[in-house]
Amino acid sequence: MTSLSDLPLRANLVGKQPYGAPQDPVPVSLNVNENTHPIPEAVVADIAESLARAVRGVNRYLDREFTELRSALAEYLGHGLSVDQLWAANGSNEVLQQILQAFGGPGRSLLSFTPTYSMYPLLASGTDTEWIPVPRPEDYALTPQLVVEALREHRPDIAILCGPNNPTGTPLDREVIEAAYGAFDGILIVDEAYQEFDAERESAVALLPGRHRLLVSRTMSKAFAFAGVRLGYLAADPAVVDALRLVRLPYHLSALTQAAATAAMRHSGEMLATVADIRDQRDRLAQALSDLGYDVHPSGANFLLVGGFSDPDGVFESLRARGILIRNLGIPGHLRITAGTEEETTAVIAAIAELTPAV
Ligand SMILES: *Cc1c(COP(=O)(O)O)cnc(C)c1O
């Protein structure tokens with residue numbers, strides 16, 4: 001048997017671990033920040049009809065420019081965006097990869113503020129881009145001053161601000177984005193995977209006019225309950241979209257993906273109807289865990305980073321044994337928990353309460 005170390009792997013991939021959130025069929029899965037509510041049946045039926053129509057055309061290559069979907073996404077985001085400012089790919093991970101292929105690469109660098117999304121360094125190594133992690137302060141919140149100092153010091157080619165930030169939940173203030181944009185002359189990505197859950201803040205899409213190096217990445221994987229379809233998208237200057245056309249594979253977005261996503265966008269109101277309930281469950285979970293004595297970090301997303309566990313590995317395993325999967329990211333004393341349905345939230349609160357030593 002050949003092993004990985006026998007292969008002439010690229011040097012910057014040697015010793016790296018693939019993305020690996022555990023996939024475990026348990027009754028209560030609260031580990032990858034999905035929307036755990038099912039899609040309404042009427043929407044399922046309409047998507048299925050659109051898919052059936054698309055299947056009849058799959059003997060031909062598809063619309064490479066996916067104009068119908070891009071126009072639906074432009075309309076959904078609002079702010080007067082035009083179709084040529086929109087782009088999409090198989091998950092926002094692919095959008096981010098295309099951005100790194102176009103603007104990163106050998107001799108170039110990507111900066112972000114850690115802890116943050118674990119895929120950023122992996123996408124950097126996959127594209128031979130230098131990864132520059134800058135630690136966040138103890139409360140994880142970014143300030144204009146901190147961001148400006150880091151960007152002036154490191155002068156990266158690309159910087160990513162994740163807002164709300166995964167895995168900490170920390171919201172991202174508009175002043176931080178504006179300050180970051182002015183502090184360097186590279187590409188600034190705002191990753192808004194969880195934006196729909198952050199009702200208190202306006203999307204960075206509002207900042208696009210006059211900022212041609214600002215890229216706002218979004219996804220249907222979280223609030224839209226569409227993770228399995230793989231549809232991420234981007235709003236930016238039309239010239240940025242032209243740059244991504246240079247690196248995308250021909251026909252990269254399947255006709256079936258386009259059909260499903262376009263149909264879902266027709267029902268965006270119904271698809272997002274569960275967001276308010278998920279926010280309520282997040283706040284209920286936060287209150288319950290604070291009452292139990294844990295440190296709950298403020299979150300604008302559909303998950304919470306919770307500190308104060310003396311044995312996070314043990315709690316993770318005990319919950320798993322009870323059929324509840326959460327996320328252990330290796331942050332000392334911390335675990336991350338997705339806000340699910342009311343029943344799922346009740347189950348995770350009860351299980352953690354049971355495991356909490358009386359004080
Ligand atoms: C989940 C997530 C994504 C979304 O990934 P997809 O490829 O669109 O499923 C992107 N960024 C962050 C920070 C995430 O947590």
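Counting starts at 1 for both ligands and their atoms, in listed order. As a basis for the values below, the full set of heavy atoms in this structure was taken, side chains included, without hydrogen atoms, waters or symmetry mates.
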**Q** Counting each atom of ligand 1 from 1 as listed, which ones have a heavy atom of Gly91 under 4.0 Å away?
**A**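 Numbered from 1, ligand 1 contributes 6 (P), 7 (O), 8 (O).
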**Q** With a 4.0 Å cut-off on heavy atoms, is Asp191 in contact with ligand 1?
**A**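 Checking ligand 1 against Asp191, which is what was asked, there is a heavy-atom contact under 4.0 Å.
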**Q** Using the benzene-type ring in the case of Trp, are the ring centres of His334 and Phe309 under 6.0 Å apart?
**A** no
**Q** Under the 6.0 Å and 45° cation-pi test, does Arg213 pair with Tyr181?
**A** yes
**Q** Students should be able to answer this: which protein heavy-atom is nearest to atom 4 (C) of ligand 1, and at what distance?
**A**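 Nearest neighbour among protein heavy atoms for atom 4 (C) of ligand 1, to 0.1 Å: Ser92 OG, 3.2 Å.
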**Q** Closest by any non-hydrogen atom to atom 5 (O) of ligand 1: pick that one out of Thr116, Leu231, Asn93, Asn165.
**A** Asn93
**Q** Need the ligand 1 atom indices (1-based, order shown) with element for anything under 4.0 Å from a heavy-atom of Tyr194.
**A**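 So the answer, numbered in order with elements, is 1 (C), 14 (C), 15 (O).
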**Q** Which of the numbered atoms in ligand 1 are below 4.0 angstrom from a heavy atom of Lys222?
**A**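 So the atoms of ligand 1 that pass are 1 (C), 2 (C), 3 (C), 4 (C), 14 (C), 15 (O).
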**Q** Please confirm whether Cys162 comes under 4.0 Å of ligand 1, counting heavy atoms of the residue only.
**A** yes
**Q** Which atoms from ligand 1 have a heavy atom of Ser221 less than 4.0 Å away?
**A** 6 (P), 8 (O), 9 (O)
**Q** With heavy-atom distances below 4.5 Å as the criterion, would you say the side chains of Asn90 and Leu231 are in contact?
**A** no
**Q** Give the ring-plane orientation class for Trp131 versus Tyr120, where under 30° counts as parallel, over 60° as perpendicular and anything between as tilted.
**A**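 Judged by the thresholds at 30° and 60°, the geometry between Trp131 and Tyr120 is tilted.
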**Q** Does the distance from a Lys or Arg side-chain N to an Asp or Glu carboxylate O, for Arg70 and Glu65, drop under 4.0 Å?
**A**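 Yes, Arg70 and Glu65 are salt-bridged.
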**Q** Can you tell me if Glu344 and Thr341 form a side-chain donor-acceptor pair at under 3.5 Å?
**A**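 Result is yes, a qualifying pair exists.
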**Q** Quickly, which of Thr168, Asn166, Asp295 forms a side chain to side chain contact (heavy atoms under 4.5 Å, CB included) with Leu305? Name it, please.
**A**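 Filter result, single survivor: Thr168.
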**Q** Between Glu202 and Arg174, is there a salt bridge with N-O shorter than 4.0 Å?
**A** yes
**Q** Please report whether ligand 1 has a polar contact with Arg230, defined as an N or O pair separated by less than 3.5 Å (distance criterion only).
**A**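 Looking only at distances, the answer is yes, because the N/O contact criterion of under 3.5 Å is met.
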**Q** Is there a polar contact, in the sense of an N or O pair closer than 3.5 Å, between Tyr120 and ligand 1?
**A**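 No, no N or O pair falls under 3.5 Å.
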**Q** For ligand 1, which atoms sit closer than 4.0 Å to a heavy atom of Asn166?
**A**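 Heavy-atom distances to Asn166 below 4.0 Å select 13 (C), 14 (C), 15 (O).
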**Q** Below a 4.0 angstrom heavy-atom separation, can you tell me which part of Ala193, side chain or backbone, both or neither, approaches ligand 1?
**A** side chain
**Q** I want to check something: taking the side chain as every heavy atom from C-beta on, are Leu62 and Leu253 in contact at a cut-off of under 4.5 Å?
**A**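 They are not in contact (no side-chain heavy atoms under 4.5 Å apart), so the answer is no.
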**Q** Which atoms from ligand 1 have a heavy atom of Thr219 less than 4.0 Å away?
**A**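 Ligand 1 atoms under the 4.0 Å threshold to Thr219: 6 (P), 8 (O).
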